Amino acid sequence: MKVVQQMKKQLDIWAVLSFLFIAIILMPNILIAVEFFSESNDNWIHIKEFLLADIIRNTVVILFFTGITTTIIGTSLAWLITAYQFPLRNFLKWGLILPLAIPPFIGAYTYHGILSYTGIIQSTLRNNFDISVNQQYFNIMNIEGTIFIFTLFLFPYIFVITKSFLQNQPSSIIENARLLGGNAFEVFFRVILPISRAAIVGGITIVMLEIINDYGVVKLFGVQTFITAIFQTWFGMGDLDSAFKIAGTLMIVVIFILVFEKIIQGRKRYSYSTSKIKPIQPQLLSGTKKWMAFSYCFGIFAIAFLIPFIQLIYWVFMTFEKIWSVEFFTLIKNSFFVAAVGATVIVVLALIIANYTRLHRGVVSKIISKLSVLGYSIPGAVIAIAVITVFLALDDYIYSLFQSFQAEPSFFFRTSLIVLISAYVIRFLAVGFNSIDAGFEKVGTNFTDASRTLGSSTIGSFFKVDIPMIKGGIMGGFILVFVDILKELPLTMLLQPFNFSTLATKAFVYANDEMVNEAASASVLIILISALCIFVFHKVLDKESS
């Protein structure tokens, strides 16, 4: 009885910490909701009457068509890689994830440079073939080009999720369909797509949330969306109240997407009827089919990663001596510092929350687990507005407190990295939590219970038993968060302190000033670091699954 009471008391520690962190995450969301229903000013009335319809239309068009194109490419690639054997398949099943290493805004300015009047394509046509082409055929700085860029660099989300799902399906579903006379297309459309619906919809939701969060592509291409409107209202007009209302409207769109996901997925679930599962075995292709499959997969890889990466490398050599200086190494140091600190804080918080939800099963723990992943569905610009408002109010309070004690008053938070790190925590806690929670799900609670029975405390069991067993999940969560922070643009641009820049923000500034060659060095470093992290992450996954 005494042991049970001690266990409950120790569980309360995890509960208090979890509730505290969840309250911090919810605070900005509550602030957005309160400010959204406050009194409107003239700027917001003007935006609502003359601009909001175009903003909504542009956002919906981009979301709809990018959702279709990424679904077609992601699911078809996942099926080919899973079900068939063809040249370079083993490389492409990893290589097709590499476009995620290229932030969309880097891909945007790279392809604009390739297709511009002075780019390699038009220059080659003019100089080698004496062919002049109307520039409008190569202009991607419009809504169609925006969809093209998002498709190229976001389809891997659907590819990865769908491929992981299909690799765990029994081969009997395909064998039975073939025995019933189904050809390759019928098997794909009538069997694979229906059973993969949940995975595909999950991937599409992530793609849409990434699009909504994007600032770089739409700003470079001059397409008006919610995020560009927030930036313009906040910085251009200095009107934080109207920015809040735009953010609130954007959150309605996000909620609609999340609800729509649940409706589309419905209650249909597909499960195994036996515990003896034989995974899908790739079928060897030959002749024309083999080269068609290879050409399609390698062609997507080339367009989405190889071509822009080679172009960036070329630009790096052109500007190497100009860019690589002490200032550039400061950018590298800044980027690694905020990514490492942010990822470490997030992993620690995710461990605390995930451990509480594992040890304390019930309605409350389920609510906490759902709320902990809420931040990822909120665009960075929305989080930035809420976070800066909270910290400015806190700064003003501390300032007045100093004055009341007749001490030298100063502002603390608004000039520090604490604001930026806090925003990272809210935005990316879901990424770390999901990885660590998946690790806890695998190990269960049996070893922890045994450790407690032998007299160890909850905290002692946590450090001596739990953490060593889920070190793969911890490492995976840290890597994923590190990459996300390294590539993050809207949050960093809005909240970075004065004279503090990262590789991502510097690359964007160069590109926005039409200095695309100079932006290449920072971009290549981001891509190489991200690609290395992705490779290490998949090695960790392979080791965990083996």
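Because the structure is a prediction, the values reported are computed rather than measured. Scope of the values below: all heavy atoms of this structure, side chains included, with no hydrogens, waters or symmetry mates.
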Practice task
Measure the CD1-CG distance between Ile143 and Asn58 for me, rounded to the nearest 0.5 Å.
Solution key: 4.5 Å

Handout entry: Leu250 and Ile227, any side-chain heavy atoms less than 4.5 Å apart
Key = yes

Handout entry: Heavy-atom pair with the smallest gap, counting every atom of Ile149 and Gly107
Key = CD1-O, 3.8 Å

Exercise for the section: Please list, chain by chain and in numerical order, all residues satisfying side-chain contact (heavy atoms from CB on, under 4.5 Å) with Ser335, sequence neighbours excluded. Expected result: Leu486, Thr502, Leu503

Exercise for the section: Taking the side chain as every heavy atom from C-beta outward, state whether Thr389 and Phe244 have any atom pair closer than 4.5 Å. Expected result: yes

Exercise for the section: Answer whether the closest heavy-atom distance between the side chains of Tyr215 and Phe508 falls below 4.5 Å. Expected result: yes

Practice task
Indicate the atoms forming the closest heavy-atom contact of Leu154 with Val207, along with that distance.
Solution key: O-CG2, 3.6 Å

Exercise for the section: State, to 0.1 Å, how close Asn213 and Ala381 come at their nearest heavy-atom pair, and which atoms those are. Expected result: OD1-N, 4.4 Å

Would you be so kind as to tabulate the donor-acceptor pairs closer than 3.5 Å made by side chains of residues 216-226, with sequence neighbours excluded?
unit_1, atom_1, unit_2, atom_2, d
Lys219, NZ, Asn512, OD1, 3.4
Gln224, OE1, Thr228, OG1, 2.7
Gln224, NE2, Gln232, OE1, 3.2

Problem - For the student: nearest non-hydrogen atoms of Val481 and Gly432, plus distance - result: CG2-N, 3.7 Å

Problem - Partner residues of Glu210 under the salt bridge (Lys or Arg N to Asp or Glu O under 4.0 Å) criterion, sequence neighbours left out - result: none

Problem - Heavy atoms of other groups near Asp513 CG, more than 12 under 6.0 Å - result: yes

Practice task
For residues Ile353 and Leu429, determine if any side-chain heavy atom of one lies less than 4.5 Å from a side-chain heavy atom of the other.
Solution key: yes

Exercise for the section: Establish, yes or no, whether a centroid distance under 6.0 Å links the rings of Phe150 and Phe155. Expected result: no

Problem - Gly67 backbone acceptor or donor facing Thr70 side chain under 3.5 Å - result: yes

Practice task
Could you tell me whether the side chain of Gln496 reaches within less than 4.5 Å of the side chain of Val338, counting heavy atoms only?
Solution key: no

Handout entry: Minimum heavy-atom distance between Asp214 and Pro104, given as atom pair plus value
Key = OD1-CB, 4.3 Å

Practice task
Kindly state each residue pair satisfying salt bridge (charged side-chain N to carboxylate O under 4.0 Å, His left out) with at least one member in residues 43-63, sequence neighbours excluded.
Solution key: Asp54-Arg57

Fill in the blank from the handout: One should read off an interatomic distance between Leu495 CG and Ile418 CD1, to the nearest 0.5 angstrom, of 13.0 Å

Fill in the blank from the handout: Residue set satisfying side-chain hydrogen bond (donor to acceptor under 3.5 Å, both in side chains) with Trp234, at least two apart, ordered chain then number -> none

Practice task
Could you check Phe478 against Ile346 for side-chain contact (heavy atoms from CB on, under 4.5 Å), going step by step and ending with a plain yes or no?
Solution key: CA-CA 8 Å; Phe478 182 90; Ile346 287 169; over 6 Å; no

Fill in the blank from the handout: Residues at least two apart in sequence or cross-chain that pass side-chain contact (heavy atoms from CB on, under 4.5 Å) with Pro156, listed by chain then number, are Pro99, Leu100

Fill in the blank from the handout: Taken in chain and number order and not counting sequence neighbours, the residues that satisfy side-chain hydrogen bond (donor to acceptor under 3.5 Å, both in side chains) with Lys487 are none

Problem - side-chain contact (heavy atoms from CB on, under 4.5 Å) partners for Phe498, two or more places apart - result: none

Exercise for the section: Using ring pair (Phe, Tyr, Trp, His ring centres under 6.0 Å) as the criterion, list what pairs up with Phe482, not counting sequence neighbours. Expected result: Phe336

Handout entry: Whether Asn517 side chain and Thr319 backbone form a donor-acceptor pair below 3.5 Å
Key = no

Problem - For Asp241, all residues meeting side-chain contact (heavy atoms from CB on, under 4.5 Å), sequence neighbours excluded - result: Glu35, Asn41, Asp239

Exercise for the section: State the OG-CD1 distance between Ser422 and Ile383, to the nearest 0.5 angstrom. Expected result: 11.5 Å

Practice task
To the nearest 0.5 Å, tell me how far Ile204 CD1 sits from Met208 CE.
Solution key: 6.5 Å

Exercise for the section: Could you tell me whether the side chain of Trp44 reaches within less than 4.5 Å of the side chain of Ile246, counting heavy atoms only? Expected result: yes

Practice task
Evaluate the side-chain proximity of Ile323 to Tyr510: yes if any heavy-atom separation is below 4.5 Å, no if none is.
Solution key: yes

Exercise for the section: With the side chain counted from C-beta on, respond yes when Pro379 and Val254 share a heavy-atom pair under 4.5 Å apart, and no when they do not. Expected result: yes

Handout entry: Nearest-0.5 Å distance that lies between atom CG in Leu152 and atom CD1 in Ile147
Key = 12.0 Å

Exercise for the section: Report the relative orientation of the aromatic rings in Phe309 and Phe305; use parallel for angles under 30°, tilted for 30 to 60°, perpendicular for over 60°. Expected result: parallel

Exercise for the section: Would you please name every residue forming a side-chain hydrogen bond (donor to acceptor under 3.5 Å, both in side chains) with Tyr109, sequence neighbours left out? Expected result: Ser523

Exercise for the section: Report the distance from atom CG of Leu491 to atom CE of Met493, rounding to the nearest 0.5 Å. Expected result: 12.0 Å

Practice task
With sequence neighbours excluded, tell me which residues meet side-chain hydrogen bond (donor to acceptor under 3.5 Å, both in side chains) with Thr492.
Solution key: Tyr424

